[in-house]
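Read the numbers this way: they start at 1 and go in the same order the structure lists the ligands and their atoms.
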Amino acid sequence: MEDQPLDSAEKEGVSRRLFLQGAGAAAAAAGISRIPGEVLAEEARSREITELGPEAEKITLKVNGSDKSAAAPPSTTLLDFLRNDLGVTGPKRVCDRGSCGACTVLLDGRVVDSCSMLAVDAVGKEVTTVEGIGTPDNLSQLQKAFIEKDALQCGFCTPGMVVACTAILNENPKPTRDQIRDGLCGNLCRCGTYQNIVEAVESVSRTGGK
Ligand code: FES
Ligand code: FES
């Protein structure tokens, strides 16, 4: 099969999008914010096969509202591409196997572990990292609440936690305490700040913010 530019390959992925939309609707109905690894794997299997690499290919992603490009082998994970090739270092590498959530980003508004998917599979989608949620000069309400509620210690899990909590509030502005805990089931905090994180989400929820 002839090599195709990534952008054109993405345009042909209509069935892939429909699959994700269906899977997303089913997951949303079940109250799940994180895209399960099985869904990503099934989505990858359902796409048309395009031979890429092993040499570096130009990959263009929409990250935090801007198109960003770099050349990288198609085997590059989204996490490595963001951190090493685009210099977007909010997502952290801890387990590198989809277990801890430190690398959490939003893909078209849904939570994913960026260490567990390929950068090429994010082509044509909106990638949002913690940098796209707030900046040091313009923190989101949730980020301010993390500070007010002392919801971080070492801070290594915090970017992923902020992204996951933002997704929870986007999906449900008035989550119950159990729904917040369920939404954070893929994010681990070795410092044990869970209760403070839940309180931060609850305080933002009370004001109707994000
Ligand atoms: S680094 Fe991705 S889930 Fe732990
Ligand atoms: S604040 Fe240290 S891992 Fe969560």
Side-chain angles (χ1 to χ4, degrees), residues 23-24 27 32-44 59 61 63-64 72-123 125-134 136 139-169 177 180-204:
I32 301 166
S33 61
R34 185 171 296 266
I35 300 179
E38 313 86 72
V39 172
L40 291 172
E42 185 60 38
E43 179 264 347
I59 301 173
L61 298 185
V63 180
N64 299 325
S75 57
T76 305
T77 64
L78 177 57
L79 176 63
D80 283 345
F81 189 67
L82 288 169
R83 289 184 58 84
N84 302 339
D85 297 299
L86 299 184
V88 179
T89 56
K92 304 294 184 235
R93 181 201 313 284
V94 177
C95 70
D96 209 20
R97 59 176 62 181
S99 298
C100 73
C103 63
T104 300
V105 302
L106 301 183
L107 194 68
D108 283 348
R110 302 285 312 285
V111 170
V112 295
D113 294 322
S114 60
C115 71
S116 299
M117 66 175 292
L118 298 177
V120 293
D121 285 331
V123 171
K125 302 179 187 302
E126 293 267 355
V127 179
T128 305
T129 69
V130 71
E131 289 93 338
I133 289 173
L139 296 174
S140 71
Q141 289 186 47
L142 180 68
Q143 288 170 317
K144 290 176 185 169
F146 263 60
I147 296 169
E148 288 160 7
K149 297 294 180 183
D150 205 15
L152 61 155
Q153 290 187 34
C154 77
F156 218 75
C157 72
T158 308
M161 286 288 189
V162 167
V163 172
C165 290
T166 299
I168 291 170
L169 288 167
R177 186 162 284 201
I180 297 169
R181 288 182 175 138
D182 285 348
L184 292 177
C185 65
N187 291 74
L188 303 181
C189 174
R190 286 151 190 78
C191 301
T193 62
Y194 298 107
Q195 186 57 33
N196 305 57
I197 291 171
V198 170
E199 288 175 11
V201 176
E202 287 178 329
S203 74
V204 174

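How far CD1 of Ile168 is from CG of Asn187: 8.0 Å, rounded to the nearest 0.5 Å. Once rounded to the nearest 0.5 Å, the distance linking CG of Leu118 with CG of Leu79 reads 12.0 Å. Between atom CG of residue Leu139 and atom CD1 of residue Ile133 there is a gap of 11.5 Å, rounded to the nearest 0.5 Å.
Among pairs with a residue in residues 145-168, none fulfils side-chain hydrogen bond (donor to acceptor under 3.5 Å, both in side chains), at least two apart in sequence or across chains.
Thr76 and Asp85 share no side-chain donor-acceptor pair at under 3.5 Å.
Between Cys115 and Cys103 the shortest heavy-atom distance is N-SG, 3.4 Å. Nearest heavy atom pair, residue Val204 against residue Ala145, reads CG2-CB, 3.6 Å. Scanning both residues, Cys165 and Leu142, for their nearest heavy atoms gives CB-CD2, 3.4 Å.
By the criterion of a separation under 2.8 Å, the protein N/O/S atoms near atom 2 (Fe) of ligand 2 amount to Cys154 SG, Cys191 SG.
Nearby protein atoms of type N, O or S around atom 2 (Fe) of ligand 1 amount to 2 (distance under 2.8 Å).
Not counting sequence neighbours, the partners of Asp96 by the salt bridge (charged side-chain N to carboxylate O under 4.0 Å, His left out) test are Arg93.
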